[in-house]
Amino acid sequence: MDILMTIQKDYLNFSKQERKIADYILRFSDNIKNMKINELADKTSTSNASITRFVKKIGCSSYPDLKLHLKDTQDPKPEDSSKGIADDVFVFYQNVIKNTQRLIESRQIEYLIKQIKRAKKIIILGSSNSGVTANTFGIRLMRMGLPVESYSDPVWMLMNASISSSDDLYIAISNSGTTESIIKTISTAKKKNAYIVSMTSYSENPIASLSDLVFHVYNPRFVDNEKFVNSQFSNMYLIDVITTYLLEDDKFRNKMFTTREIIGDV
């Protein structure tokens with residue numbers, strides 16, 4: 001795992017001062033290769049000592065060692081400069097996909113496919129923007145003939161969890177991994193021995209700790225958190241990968257074509 005992915009996955013364990021440093025490194029890592037430690041301290045409103053403690057916390061021996069790790073993770077920049085907003089958004093999406101792809105492991109996808117195939121009921125959870133993603137994922141699976149429901153309402157998701165069983169598969173989508181309604185829901189479902197899968201940006205969070213299988217995606221806020229861009233883009237990329245794996249199965253592919261033909265989606 002490269003150092004930028006390590007910083008993101010451990011983000012929730014950082015103090016307020018450490019998050020200032022993490023935010024800058026994640027967003028402007030290319031700037032740091034020529035930056036002295038006191039310059040980074042000034043940029044992040046922290047101190048040299050805070051930065052030294054931070055780099056050791058993420059597994060680097062020193063600030064120069066951090067810079068070496070960052071150099072290893074950086075891709076060559078395109079020669080052509082941005083030609084406008086459309087290009088800026090394109091580069092944003094490229095970065096999100098590239099960094100999410102680094103986090104995806106095929107063996108995890110294959111194991112999830114097995115869980116999807118064996119489940120008698122699939123419940124997909126999400127709140128706010130993640131709720132829209134959960135609904136989209138649910139529609140994808142439904143079109144393949146899978147027994148799926150998606151919920152974003154806290155009462156409905158909790159009510160469903162209260163009557164779940166060991167044959168059920170829960171998929172929780174939460175970038176932060178700290179959404180209270182989802183934590184309560186999967187805690188209830190876990191007591192009923194349901195299998196829990198989560199999609200989140202951080203390694204240590206309440207939702208991940210309750211999950212039997214955890215998928216990590218890149219958090220778009222670390223590319224640019226000042227623009228109104230799609231916070232769910234990395235989750236949708238992962239969902240595209242999962243559904244493409246499922247469509248390798250003739251049964252699911254044929255059912256998908258059947259539902260598309262019936263509704264005129266051809």
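On a predicted model such as this, the values are computed, not experimentally measured, just so you know.
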Between the side chains of [X] and [Y], is a donor N or O closer than 3.5 angstrom to an acceptor N or O?
X: S50; Y: E18; result: no
X: S181; Y: T179; result: no
X: E204; Y: N13; result: yes
X: T185; Y: T188; result: no
X: S152; Y: S127; result: no
X: K20; Y: Q17; result: yes

Looking at side-chain heavy atoms only, is the closest gap between [X] and [Y] below 4.5 Å?
X: I58; Y: H69; result: no
X: K33; Y: L70; result: no
X: L4; Y: N99; result: no
X: R260; Y: R143; result: yes
X: F92; Y: D88; result: no
X: T46; Y: L40; result: no
X: K9; Y: Y202; result: no
X: C60; Y: I3; result: yes

Any sub-3.5 Å donor-acceptor pair from [X]'s side-chain atoms to [Y]'s backbone N or O?
X: Q108; Y: V214; answer: yes
X: T44; Y: I21; answer: no
X: T100; Y: Y218; answer: yes
X: E248; Y: Y245; answer: no
X: D65; Y: S61; answer: yes
X: R253; Y: L247; answer: yes
X: Q94; Y: V91; answer: no
X: S209; Y: P206; answer: yes
X: N254; Y: D250; answer: yes
X: N205; Y: A208; answer: yes

Out of N175, T200, T133, D240, which residue meets the side-chain hydrogen bond (donor to acceptor under 3.5 Å, both in side chains) rule with N235?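 Of N175, T200, T133, D240, side-chain hydrogen bond (donor to acceptor under 3.5 Å, both in side chains) with N235 is met by N175 alone.
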
side-chain hydrogen bond (donor to acceptor under 3.5 Å, both in side chains) partner of Y11, the single match among D23, N219, T6: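 Of all the options given, the one that passes is D23.
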
Do K192 and D168 meet the salt-bridge criterion of a basic N to acidic O distance under 4.0 Å?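 Not counted as a salt bridge, because no side-chain N and carboxylate O are separated by less than 4.0 Å.
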
So, K57 and D10, do they make that salt bridge, N to O below 4.0 Å?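 Here K57 does not pair with D10 in a salt bridge, since their nearest N and O are not under 4.0 Å apart.
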
Minimal non-hydrogen separation, [X] against [Y], with atom names:
X: L238; Y: F215; result: CD2-CB, 3.7 Å
X: S150; Y: A134; result: CB-O, 3.6 Å
X: I242; Y: M199; result: CD1-CE, 3.6 Å
X: G138; Y: V148; result: O-CG1, 3.3 Å
X: S198; Y: I207; result: CB-CG2, 3.6 Å
X: K67; Y: M35; result: NZ-O, 3.2 Å

Step-by-step side chain to side chain contact (heavy atoms under 4.5 Å, CB included) determination, S165 to N193: CA-CA 6 Å; S165 73; N193 297 315; over 6 Å; no

Output, in order, the C-alpha distance, side-chain angles, deciding distance and verdict of ring-ring contact (aromatic ring centres under 6.0 Å, His included) for F233 and Y93. CA-CA 8 Å; F233 191 68; Y93 283 139; 4.0 Å; yes

Are [X] and [Y] in one and the same hydrophobic cluster, where Ile, Leu, Val, Met, Phe, Trp and Tyr link if side-chain heavy atoms are under 4.5 Å apart?
X: I182; Y: Y170; value: yes
X: F28; Y: Y63; value: yes
X: I122; Y: L213; value: yes
X: I116; Y: Y151; value: no
X: F137; Y: I109; value: yes

Would you say K190 has more than 12 foreign heavy atoms packed within less than 6.0 Å of its NZ?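 Atom NZ in K190 is packed in, count exceeds 12.
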
Nearest 0.5 Å, what's the [atom1]-[atom2] distance between [X] and [Y]?
X: K43; Y: I25; atom1: NZ; atom2: CD1; value: 14.0 Å
X: K121; Y: S164; atom1: NZ; atom2: OG; value: 7.0 Å
X: F257; Y: M144; atom1: CZ; atom2: CE; value: 10.5 Å
X: F14; Y: R19; atom1: CZ; atom2: CZ; value: 9.0 Å
X: I139; Y: M142; atom1: CD1; atom2: CE; value: 5.5 Å
X: S162; Y: M157; atom1: OG; atom2: CE; value: 13.0 Å

Residue pair R118, K114: steps toward the side chain to side chain contact (heavy atoms under 4.5 Å, CB included) verdict: CA-CA 6 Å; R118 68 130 194 117; K114 291 180 181 178; over 6 Å; no

Partner of K117 under side chain to side chain contact (heavy atoms under 4.5 Å, CB included), chosen from L112, D249, L146: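 Only match with K117 under side chain to side chain contact (heavy atoms under 4.5 Å, CB included): D249.
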
Taking side chain to side chain contact (heavy atoms under 4.5 Å, CB included) as the criterion, tell me which of I123, V197, I196, L158 meets it with I186.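 Result: among I123, V197, I196, L158, I196 is the only option passing the side chain to side chain contact (heavy atoms under 4.5 Å, CB included) with I186.
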
Take I239 and T136 through the side chain to side chain contact (heavy atoms under 4.5 Å, CB included) test and state the conclusion after the steps. CA-CA 9 Å; I239 289 168; T136 300; 5.9 Å; no

